[in-house]
K.L.:
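Take this structure, written in structure tokens, and hold onto it; I'll ask about it next.
Ligands are counted one by one from 1 in listed order, and the atoms in each one are counted from 1 as well.
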Amino acid sequence: MGARDTICALASGPLPCAIAVLRISGPAVCEIGAQFLASGLPPARRGSLTKLIDREGRLVDEGIALFAPAPNSYTGEDTLELFLHGGPAVVAHALEVLTSLPDVRLAEPGEFTRRAFEAGKLNLTQAEGVADLIEAETLAQKGQALRQLSGGLSETYARWRDELMGLLALVEVMVDFPDEGDVASNAASPAHAKVSVLMREVEAALGDGGIGERIRDGFRLAIIGAPNAGKSTLLNRLAGREAAIVTARPGTTRDVIEIRKVLGGQVVWIADTAGLRETDDEIEAEGIRRARMTADDADLCIQLVDASDPAAPPPLPYPAPKGIRVVNKSDLVSPAAAASADFIVSAKDGAGIDVLEAGLAERIAALAGSVEAPVITRARHREKLTRGLTALASAKAALEGDLGFELVAEDLRLAIREMQGIIGEIGVEDVLGAVFSRFCIGK
Ligand SMILES: Nc1nc2c(ncn2[C@@H]2O[C@H](COP(=O)(O)OP(=O)(O)OP(=O)(O)O)[C@@H](O)[C@H]2O)c(=O)[nH]1
Ligand SMILES: [Mg+2]
């Protein structure tokens, strides 16, 4: 993937459509303008009606051309956008003409944004924000992606990096001139106080309950309960389709079956699980193990109880607010028998489902709103920040144990590197492929 190649791609959606946007970036843009635009490259940043012609001078299509010369473009390179008629034949012909020049090729997924990153137009968290914005399905996801794209996350990481650098400078002075200054090399030093403050900030960010990741990837809601409580019937009711098998035989569900739904303005994954009971059946036992794991990982857990089951319901493994007690089969037994329930429903005939959904939506919205502006939106950020915190803790311990400023400096350097890694300043080669390959082509 040589940066000197010129790349082109269809940047708009599926064809046919009203207008197709072709995007071209790289050093061959001027050559393309001269060869294939009947009136040559238009003036910078002014949409101009023009004819696209092939090598033989035949008309490919007529449309608007928009030229943004380097460095003031998305990628930082010469960029040309062509707004053509959105027909498959038009686009195929246009791309064929463009790629007929040497060093002009079709772009890889995310390659335009990767070039923008390499040109310093965006940092890595901002580039991730671009990808998230394109994938955003809920307003909450869109809001979070826009905040990330406009630098909301990177500002915090860059501030931590700067503060750590200031701290490192302070510590390095003490490494070089151990006898100078009146700063004691112990727990009362200003360095120790600063490390402690930073640690508290990073700990607070890490202790956000994973809300940023949940907004991006979806909240998790598990349905658990005894066999035959009606878990699969409830899942199907919430899904509005027959996603899981329902039978009168206890022990029907073994695998975890998930559906996706928007509730309370958030994407939510709802999981149906195997009924919990003692069993000698190896397959069922594995299903039950997975059910417990799913419930443990969930943000909310519907604990479903069969109102008509004379057996005492099992004790609730999850207290409120995570655990929600729902009594099912209200069509069989009078709801009075289920006084301790948070919700009473009949999954089979739909009674009470609206109220349950509204209650779930309220709880999800409350969870999502519990952290104002999470600085972690991906596992990648969390991993690096966790490593950064470990390095800070080690720096703090070294200060407290008077282990020498060399060790403290080394820990601070490690912490700085993690912050820089999050915003993509260093050590990013291994993650770039993973980040950008998930983009769509043309972005
Ligand atoms: N009358 C009545 N029957 C219900 C209701 N919900 C589920 N059932 C019935 O209860 C039986 C078990 O339903 P499932 O949804 O398969 O129960 P489950 O909890 O998924 O069971 P397992 O997968 O075996 O753990 C089926 O015969 C359902 O038709 C309800 O609200 N009212
Ligand atoms: Mg089931």
K.L.:
Does any N or O in the side chain of Arg254 come within less than 3.5 Å of the main-chain N or O of Gly287, such that one atom is a donor and the other an acceptor?
P.N.:
no
K.L.:
Mind running side chain to side chain donor-acceptor pair (under 3.5 Å) on Thr252 and Thr247 for me, showing each step along the way?
P.N.:
CA-CA 7 Å; Thr252 301; Thr247 74; 2.6 Å; yes
K.L.:
Where's the contact between Thr253 and ligand 1, heavy-atom distance under 4.0 Å: side chain, backbone, both or neither?
P.N.:
both
K.L.:
Are Arg23 and Phe112 in a cation-pi setup, meaning NZ or CZ lies under 6.0 angstrom from the ring centre and within 45 degrees of the ring axis?
P.N.:
yes
K.L.:
Once you restrict to heavy atoms under 4.0 Å, what part of Leu332 touches ligand 1? Side chain, backbone, both or neither.
P.N.:
side chain
K.L.:
Yes or no on side-chain contact (heavy atoms from CB on, under 4.5 Å) for Leu234 and Leu238, after CA distance, side-chain angles and deciding distance?
P.N.:
CA-CA 6 Å; Leu234 178 61; Leu238 292 170; 4.1 Å; yes
K.L.:
Of the protein's non-hydrogen atoms, which lies at the shortest distance from atom 3 (N) of ligand 1, and what is that distance?
P.N.:
Lys348 CD, 3.5 Å
K.L.:
Can you tell me if CD on Glu135 sees more than 12 non-hydrogen neighbours from other groups inside 6.0 Å?
P.N.:
no
K.L.:
Using a plain distance cutoff, I'd like to know if Ala274 has any nitrogen or oxygen under 3.5 Å from a nitrogen or oxygen of ligand 1.
P.N.:
no
K.L.:
Can any side-chain N or O of His93 pair as donor or acceptor with the backbone N or O of Ala89 at less than 3.5 Å?
P.N.:
no
K.L.:
Give the residue and atom name of whichever protein heavy atom lies nearest to atom 28 (C) of ligand 1, and the separation in Å to one decimal.
P.N.:
Val246 CG1, 3.7 Å
K.L.:
Is there at least one pair of N or O atoms, one from Asp349 and one from ligand 1, spaced under 3.5 Å apart?
P.N.:
no
K.L.:
With a sphere of 6.0 Å drawn around CD of Glu203, does it hold more than 12 non-hydrogen atoms of other residues, nucleotides or ligands?
P.N.:
yes
K.L.:
Between Glu357 (side chain) and Ile353 (backbone), is there a donor-acceptor pair under 3.5 Å?
P.N.:
no
K.L.:
Can you tell which of Thr247, Leu304, Ile288 gets a heavy atom nearest to atom 26 (C) of ligand 1?
P.N.:
Thr247
K.L.:
How wide is the angle at the Mg ion (ligand 2) between OG1 of Thr253 and OG of Ser232, to the nearest 10°?
P.N.:
90°
K.L.:
Short list, please: which atoms of ligand 1 are under 4.0 Å from a heavy atom of Pro250?
P.N.:
24 (O)
K.L.:
Taking distance alone, with N or O pairs closer than 3.5 Å, would you say Ala229 contacts ligand 1?
P.N.:
yes
K.L.:
Going by the order shown, which atoms of ligand 1 are within less than 4.0 Å of some heavy atom of Ala248?
P.N.:
27 (O)
K.L.:
What atoms of ligand 1 come closer than 4.0 angstrom to any heavy atom of Asp331?
P.N.:
1 (N), 2 (C), 30 (C), 31 (O), 32 (N)
K.L.:
Does atom CD1 of Ile283 have more than 12 heavy-atom neighbours, drawn from other residues, nucleotides or ligands, at distances under 6.0 Å?
P.N.:
no
K.L.:
With atoms numbered from 1 as shown, which atoms in ligand 1 lie under 4.0 angstrom from a non-hydrogen atom of Arg249?
P.N.:
24 (O)
K.L.:
Who gets closest to atom 15 (O) of ligand 1 by heavy atom: Val327, Asn228, Thr233?
P.N.:
Thr233
K.L.:
Tell me: protein heavy atom nearest atom 25 (O) of ligand 1, and distance?
P.N.:
Lys231 NZ, 2.8 Å
K.L.:
Report, as yes or no, whether the 6.0 Å neighbourhood of atom CG on Leu332 holds more than 12 heavy atoms from other residues, nucleotides or ligands.
P.N.:
yes
K.L.:
May I ask you to check if ligand 1 and Gly251 share an N or O to N or O distance below 3.5 Å?
P.N.:
yes
K.L.:
Look at atom 6 (N) of ligand 1 and say which protein heavy atom is nearest, naming residue and atom and giving the distance to 0.1 Å.
P.N.:
Asn328 ND2, 3.2 Å
K.L.:
In ligand 1, which numbered atoms sit nearer than 4.0 Å to a non-hydrogen atom of Gly275?
P.N.:
25 (O)
K.L.:
Measure from atom 4 (C) of ligand 1 to every heavy atom in Lys329, Arg277, Glu284 and give the option owning the shortest one.
P.N.:
Lys329
K.L.:
Under the criterion salt bridge (Lys or Arg N to Asp or Glu O under 4.0 Å), which of Lys443, Arg378, Lys142 is the partner of Asp132?
P.N.:
Arg378
K.L.:
Of the backbone atoms (N, CA, C, O) and the side-chain heavy atoms from C-beta on, which set of Ser232 has a member under 4.0 Å from an atom of ligand 1: side chain, backbone, both, or neither?
P.N.:
both
K.L.:
Please determine whether the number of non-hydrogen atoms from other residues, nucleotides or ligands lying under 6.0 Å from atom CD1 of Ile19 exceeds 12.
P.N.:
no
